[in-house]
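See below for the structure under consideration.
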There are 2 protein chains.
Amino acid sequence: MEQRVSSTPSLSGAQSVDRALSLLSLISYFGDQGATLSELVEQGGLNKPTTRRLLLALIRSGMLEQDSLTRRYYLGEEAYILGTLASRRYGLLQISRDSLTTLSAKTEDTSFLSIQRETSSVCLHREEGTYQIRTHALQAGYRHPLGVGAGSLAILSALQDEEIEAVLEANHSVLVTEYPNLAPSQIRLDIATTREAGFALNPGRILANSWAIGLAIHYPDRRPAGALSIAAIDSRMQAARQVELVALMQVEAKKIEARLAHLQPINGRLKRPIIPVRPGTRIDGAN
Amino acid sequence: MEQRVSSTPSLSGAQSVDRALSLLSLISYFGDQGATLSELVEQGGLNKPTTRRLLLALIRSGMLEQDSLTRRYYLGEEAYILGTLASRRYGLLQISRDSLTTLSAKTEDTSFLSIQRETSSVCLHREEGTYQIRTHALQAGYRHPLGVGAGSLAILSALQDEEIEAVLEANHSVLVTEYPNLAPSQIRLDIATTREAGFALNPGRILANSWAIGLAIHYPDRRPAGALSIAAIDSRMQAARQVELVALMQVEAKKIEARLAHLQPINGRLKRPIIPVRPGTRIDGAN
DNA sequence: CTCTTTGGTCCATAATATGGATCGATATTT
DNA sequence: AAATATCGATCCATATTATGGACCAAAGAG
């Protein structure tokens with residue numbers, strides 16, 4: 001009870017919901033590894049009893065699950081179901097899956113789909129290539145500050161200049177401490193190069209010899225919806241092949257953008273499903 | 001403040017989180033149509049200001065969005081992202097997508113994937129067939145009480161007898177009022193038929209001439225993970241073709257079950273993603 | 001065996017959520 | 001066109017609810 005701000009004029013409220021969903025979001029970054037209570041207390045900025053109480057509420061709703069043995073917390077089945085249902089409005093991954101398959105099949109290298117989330121990019125999908133040497137610097141669920149990584153840089157470069165500055169400022173301390181090769185000034189240079197070339201290149205900036213090419217996917221209004229990227233070892237990413245890869249990616253990006261244009265106006269009226277269940281009927285430990 | 005139960009011994013707490021997530025779940029049943037505040041007040045069992053306050057909290061977190069014009073509420077992008085990230089543990093749909101494509105391609109009819117959610121089944125995906133006459137009784141996101149519909153009946157039939165009775169009891173009033181052709185007693189008969197035949201048949205019980213066949217998908221421990229189903233007009237669902245369809249579906253169900261067996265033990269330790277963001281830093285209207 | 005760490009919980013206190021009442025805006029009716 | 005109904009949204013005094021320091025048990029670590 002320190003966080004008094006006293007400004008909250010009226011509006012707002014339901015702060016435990018904010019906190020609980022912040023925790024949920026935080027947990028999502030732990031991926032398959034799951035999160036421990038201590039980690040969540042440390043990184044979530046809430047104390048132990050509060051954290052635990054909110055986690056229990058999330059578990060009750062099915063959004064979260066706790067491994068009874070390891071005591072770790074994982075996203076639950078309800079999160080998966082809601083996401084699947086939401087995918088009809090936001091189904092970038094669904095729409096892009098074919099393209100990722102195609103890209104990895106044609107190039108033999110691993111391809112990725114990333115999106116923006118606040119000031120970071122998140123990898124939504126990794127499509128394995130067949131080539132024997134693969135970089136594992138990026139996995140589904142991994143997050144990096146915008147500008148770090150090829151897809152991430154492609155997205156950042158597609159933002160407006162003032163947004164870019166806001167992002168870089170927000171990420172300043174993280175960049176300086178965690179990514180010595182990627183100071184904000186360096187990223188600004190990379191953005192210029194990206195815009196000029198029409199694609200983003202990560203020449204092993206995060207992991208040596210692990211190069212990648214990224215291409216932004218745009219909404220009809222030109223805002224970035226995400227980015228495709230392809231990663232390989234440097235020997236497979238020299239100038240000539242870069243051109244080939246970009247050409248392939250451009251074809252797929254175009255396809256995705258065409259489908260995206262059809263996805264948005266789904267707000268049309270559909271028949272109502274049947275809705276018998278009555279929530280709000282006081283959930284205790286009654287499950 | 002009527003709902004005093006006074007029993008809540010200790011445990012529990014964070015009730016607004018319960019309520020908010022109940023609302024979120026409720027909204028998910030409205031699908032592409034979105035939900036209005038009034039509908040949510042009516043069906044959610046909470047009053048208007050409370051409902052609205054919780055909705056605002058959900059919007060702040062990105063789990064929900066409100067159409068600024070129609071004022072309707074829809075699942076938000078954050079829900080989609082979380083679901084995508086959770087899909088590595090619960091990716092039944094991902095695993096089943098190929099099978100649905102195959103089934104619809106081979107049969108020319110529309111195929112579905114459904115799962116259990118509490119005492120209902122929810123359609124996660126509808127894969128269109130090419131045949132000119134198609135039934136639109138089932139869409140992704142639609143919910144029916146367990147036992148209503150072919151996939152739904154297949155799932156119910158795969159449960160244990162005592163679970164079945166619990167489900168039927170919970171759904172009793174809904175079945176009686178909403179589905180005159182599907183009294184609990186009728187469903188019990190259908191279950192017996194389903195278990196004997198090895199597949200579920202819906203002979204136009206919900207919508208005349210709209211028949212469907214359902215086949216349960218099992219976890220390694222035999223609990224149902226969901227169900228495949230194929231729907232068509234009755235003339236395309238006579239005995240001979242039923243056998244053909246079931247044979248095709250069994251092949252696909254086997255494939256899915258094999259992949260499911262590999263999905264579960266993903267609790268392995270993976271490299272940690274980078275986690276710079278600090279939630280819990282008081283979210284107001286600051287966005 | 002003791003010390004430390006981690007998961008989990010208790011409970012008096014204080015902060016927060018609650019919902020009846022109210023308001024403005026947009027249909028609907030007469 | 002006026003009157004009425006409906007709906008979304010918000011206010012604010014009240015009392016229910018969340019908070020977090022302190023504590024406990026269990027499982028490593030030394």
Side-chain angles (χ1 to χ4, degrees), chain A residues 1-23 27 30 33-60 64-74 269 280-285, chain B residues 1-23 27 30 33-60 64-74 280 282-285:
Chain A
M1 322 217 172
E2 339 115 11
Q3 305 195 358
R4 305 272 22 132
V5 181
S6 81
S7 65
T8 334
S10 185
L11 253 295
S12 197
Q15 314 198 356
S16 45
V17 179
D18 291 327
R19 293 177 160 194
L21 294 173
S22 284
L23 273 177
I27 290 165
F30 286 79
Q33 186 195 224
T36 67
L37 180 59
S38 306
E39 289 168 327
L40 295 173
V41 168
E42 182 192 351
Q43 298 178 32
L46 303 170
N47 61 31
K48 218 193 312 180
T50 298
T51 301
R52 169 77 176 151
R53 229 175 323 107
L54 296 175
L55 292 175
L56 285 174
L58 290 169
I59 288 170
R60 259 176 268 143
L64 205 64
E65 290 185 6
Q66 183 173 27
D67 186 303
S68 55
L69 189 65
T70 66
R71 309 269 82 193
R72 280 167 176 269
Y73 300 88
Y74 303 85
R269 306 285 161 252
T281 31
R282 215 50 163 209
I283 312 146
D284 279 10
Chain B
M1 322 221 173
E2 340 116 11
Q3 303 193 0
R4 305 271 22 130
V5 181
S6 83
S7 64
T8 332
S10 185
L11 251 296
S12 195
Q15 312 198 357
S16 45
V17 179
D18 292 327
R19 293 176 160 194
L21 294 173
S22 284
L23 274 176
I27 291 165
F30 287 78
Q33 187 195 220
T36 67
L37 180 58
S38 307
E39 290 168 327
L40 295 173
V41 168
E42 183 192 349
Q43 299 177 33
L46 302 170
N47 61 30
K48 220 191 311 179
T50 298
T51 302
R52 169 79 176 148
R53 232 176 318 109
L54 296 175
L55 291 175
L56 284 175
L58 290 169
I59 289 171
R60 258 175 270 142
L64 206 64
E65 290 184 6
Q66 182 174 25
D67 186 304
S68 56
L69 190 65
T70 67
R71 309 268 84 191
R72 280 168 177 269
Y73 299 88
Y74 302 85
R282 214 48 161 212
I283 312 146
D284 278 10

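In what follows, chains are A, B, ... by sequence order, proteins preceding strands, each numbered from 1. Source: prediction; values computed, not measured.
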Protein N or O to nucleotides 24-26 of chain C N or O, pairs below 3.5 Å:
none

Closest non-hydrogen atom pair, [X] against [Y]:
| X | Y | result |
| --- | --- | --- |
| A:R19 | A:T50 | NH1-CG2, 4.1 Å |
| A:G34 | A:R72 | O-NH1, 3.1 Å |
| A:I27 | A:L40 | CG1-CD2, 3.6 Å |
| A:L21 | B:L58 | CD1-CD2, 3.7 Å |

Would you list the protein and nucleotides 22-27 of chain D atom pairs, both N or O, that sit under 3.5 Å from each other?
none

Spacing of A:Q15 atom CD and A:S22 atom OG [to the nearest 0.5 Å]: 11.5 Å
Side chain of [X] - closest among [options]:
| X | options | answer |
| --- | --- | --- |
| B:L56 | D:dT10, C:dG8, D:dG8 | D:dT10 |
| A:R71 | D:dC7, C:dT16, C:dG8 | C:dG8 |
| A:R19 | D:dT19, D:dA9, C:dG19 | D:dT19 |

Rounded to whole angstroms, how far apart are [atom1] on [X] and [atom2] on [N]?
| X | N | atom1 | atom2 | answer |
| --- | --- | --- | --- | --- |
| B:N47 | D:dG8 | CG | P | 14 Å |
| A:D18 | D:dA18 | CG | P | 14 Å |
| A:R53 | C:dA15 | CZ | P | 15 Å |
| B:I59 | D:dG8 | CD1 | C1' | 12 Å |
| A:E39 | C:dT5 | CD | P | 16 Å |
| A:L55 | D:dA18 | CG | P | 15 Å |
| B:L54 | C:dA17 | CG | P | 9 Å |
| B:Q66 | D:dT10 | CD | P | 9 Å |

Not counting sequence neighbours, which residues clear side chain to side chain contact (heavy atoms under 4.5 Å, CB included) with A:S16? List them please. A:L54, B:S16, B:V17
Could you tell me which residues satisfy side chain to side chain contact (heavy atoms under 4.5 Å, CB included) with A:Q66, sequence neighbours excluded, listed by chain and number? A:R52, A:I59, A:R71, A:Y73
On DNA chain C, nearest-nucleotide positions of A:S16 versus A:L37: which is more 5'? A:L37
Excluding sequence neighbours, so at least two apart, what forms side-chain hydrogen bond (donor to acceptor under 3.5 Å, both in side chains) with B:T36? B:E39
Looking at side-chain heavy atoms only, is the closest gap between B:L64 and B:L23 below 4.5 Å? no
B:R52 side chain N/O closer than 4.0 Å to the phosphate oxygens (OP1, OP2) of D:dT10? yes
Does the side chain of A:T50 get closer than 4.0 angstrom to OP1 or OP2 of D:dG20 through an N or O atom? yes
